[in-house]
Amino acid sequence: MENVKRDELVGQAIAWNHSLGAIDSFVLKCAVETGIPEVIHGHGRPITLSQLGASLPTPCTNLDVLRRIMRYLVHMQLFTVQNEGSDEREESYGSTSATKFILINEEKSIVPLFKLQMHEKCLAAWHTLGSCMQGKAGMSAFERMHGESLWAYASKHPDLNGIFNNAMAGGARSVVPAMIDGYGEVFQGLTSLVDIGGGIGTNLQSIAKAFPHIKCTVLDLPHVVETAPSCPEVEFVAGNMFSFIPKADAVMLMWVLHNWGDEDCVKILKRCKDAIDAKSGKVIVVDIIIGVDDLQELEHVRLATDMIMLAKTGGKERNEKEWRRLLSDAGFNQCKITPIKALQSVIEARP
Ligand code: SAH
């Protein structure tokens with residue numbers, strides 16, 4: 001094919017593919033809801049189409065539909081296929097390196113976060129993304145559509161509150177081990193740690209297990225703390241980080257500052273500064289840094305998360321320069337960045 005025509009076709013395909021991007025999410029939703037990953041992964045070796053259909057929690061009575069859904073999921077690299085198109089042997093499906101992450105009960109599963117993204121109120125907010133370019137900075141598409149912030153809405157709607165808190169707990173189960181593995185030294189020598197916006201305490205439960213001598217406290221909004229499972233190693237404080245932060249050797253902000261604009265972040269960080277010792281205290285920020293490494297697949301997720309911040313919270317993802325400026329504006333003059341095997345990096349900041 002002539003180069004010009006080929007370029008035109010490639011351009012057309014790029015545009016088509018982006019226009020159809022939502023389909024990937026909905027086919028994944030269908031796979032998760034029908035239990036396809038559990039059956040294929042649990043089988044331990046490739047499973048035939050008819051065995052798969054019969055083993056689903058609600059057995060499949062239309063194998064042609066299942067075959068077509070599986071063909072798309074294989075194309076999405078979530079499963080492998082053998083004997084596709086063979087006249088003699090039935091096709092069978094196996095796992096890829098991505099499969100375990102879409103299992104509901106796997107430790108590092110993305111399913112809890114995915115359920116939040118697919119919640120109807122969260123999906124609806126995307127329709128007003130463009131309106132974020134006008135009006136009040138920091139007002140999310142969610143707030144524009146539903147008339148109140150995600151946190152205010154969640155405080156009145158237990159279903160979304162539960163889905164949100166589980167989603168964050170799911171994220172924590174994946175990042176905290178990476179943090180302890182990749183930069184456990186950050187907790188060395190601490191006797192007390194407060195996790196600001198620490199959700200239902202999943203982060204601190206793992207940290208308290210690994211470092212039992214640290215007194216661990218979560219500060220989060222009342223409607224979040226109320227639903228936290230009881231955990232003897234972690235103390236819960238219901239409050240507002242803009243008005244009060246308990247004193248400690250160190251305070252941690254994991255996936256918190258990206259929910260806020262620069263002005264609010266400086267306010268939060270100044271409160272953190274008041275809560276720690278001016279000489280020995282530190283703030284541990286665990287958040288995304290745009291461009292921190294050259295892993296293209298992860299970079300796409302980081303940039304997409306920035307869009308999620310526009311849509312859901314009114315916050316933003318930041319690059320290294322923006323993080324350093326933000327921390328210095330709040331009076332943190334020393335700042336050490338450590339990438340870990342996760343979406344987020346660890347930023348250790350001292351006054
Ligand atoms: N750190 C957790 C949760 C991050 S989500 C994790 O990594 O899994 C952000 C958290 O900030 C939510 O739990 C939310 O309830 C909390 N939050 C939002 N506004 C807050 C405020 N004003 N004071 C305290 N916590 C707040």
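First listed ligand is number 1; within each ligand, the first listed atom is number 1.
- Using a 4.0 Å cut-off to heavy atoms of Gly199, the atoms of ligand 1 that qualify are 13 (O).
- When only non-hydrogen protein atoms are considered, atom 9 (C) of ligand 1 lies nearest to Asn259 ND2, 3.5 Å.
- The single protein non-hydrogen atom nearest to atom 3 (C) of ligand 1 is Gly197 O, 3.2 Å, given as residue, atom name and distance.
- Here Glu84 does not pair with Arg71 in a salt bridge; the nearest charged N to carboxylate O distance is not below 4.0 Å.
- Between the side chain of Glu317 and the backbone N or O of Ile289, no donor-acceptor pair lies under 3.5 Å.
- For atom 7 (O) of ligand 1, the closest non-hydrogen atom on the protein side is Met254 O, 3.2 Å.
- Aromatic pair Phe332/Trp323: ring centres not closer than 6.0 Å.
- Nearest to atom 8 (O) of ligand 1 among the protein's heavy atoms is Met168 O, 3.1 Å.
- No N or O atom of Ala169 sits closer than 3.5 Å to an N or O atom of ligand 1.
- Ionic pairing of Lys121 and Asp159 is not present here: no N-O contact between side-chain nitrogen and carboxylate oxygen is shorter than 4.0 angstrom.
- Here Tyr93 and Phe79 keep their ring centres 6.0 angstrom or further from each other.
- When only interatomic distances are considered, the shortest N/O to N/O separation between Leu219 and ligand 1 does not fall below 3.5 Å.
- Geometrically, ligand 1 and Trp255 share no nitrogen or oxygen pair separated by less than 3.5 Å.
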**OP:** List the steps and the verdict of salt bridge (Lys or Arg N to Asp or Glu O under 4.0 Å) for Glu299 and Arg302.
**Re:** CA-CA 5 Å; Glu299 192 64 2; Arg302 293 182 180 123; 3.5 Å; yes
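- Checking Lys100, His41, Arg45, His43 one by one against Ser95, the side chain to side chain contact (heavy atoms under 4.5 Å, CB included) holds for a single residue, His41.
- Between Glu322 and Arg325 no salt bridge is recorded (no basic side-chain N to carboxylate O distance below 4.0 Å).
- The pair Asp277-Lys247 does not meet the salt-bridge criterion, since no charged nitrogen lies less than 4.0 angstrom from a carboxylate oxygen.
- Against a heavy-atom cut-off of under 4.0 Å, Val224 is close to the following atoms of ligand 1: 15 (O).
- Ion pairing between Glu107 and Arg173 fails under the 4.0 Å rule for side-chain N and carboxylate O.
- We find that Arg6 and Glu2 are not joined by a salt bridge, their nearest charged nitrogen and carboxylate oxygen being 4.0 Å or further apart.
- Residue-ligand proximity, Trp260 to ligand 1, at heavy-atom distances under 4.0 Å covers atoms 19 (N).
- Of all the atoms in ligand 1, the ones that sit under 4.0 Å from a non-hydrogen atom of Asn240 are 21 (C), 22 (N), 23 (N).
- Looking at Asp220 next to ligand 1, an N or O pair under 3.5 Å apart turns up.
- At a heavy-atom cutoff of 4.0 Å, ligand 1 is contacted by no atom of Val286, backbone or side chain.
- For atom 21 (C) of ligand 1, the nearest protein heavy atom (residue, atom name, distance) is Leu221 CD2, 3.5 Å.
- Remark: ligand 1 and Ile196 share no N or O pair separated by less than 3.5 Å (distance only, no angle test).
- Distances from ligand 1 to the non-hydrogen atoms of Gly239 include at least one value under 4.0 Å.
- Looking at ligand 1, you'll find an N or O of Met241 within less than 3.5 Å of one of its N or O atoms.
- When each atom of ligand 1 is checked for a heavy atom of Asn203 under 4.0 Å away, the hits are 1 (N), 2 (C), 6 (C), 7 (O).
- Neither the backbone nor the side chain of Asp195 has a heavy atom within less than 4.0 Å of ligand 1.
- Residues Glu91 and Arg67 are paired through a salt bridge, judged by an N-O separation under 4.0 Å between the basic side chain and the carboxylate.
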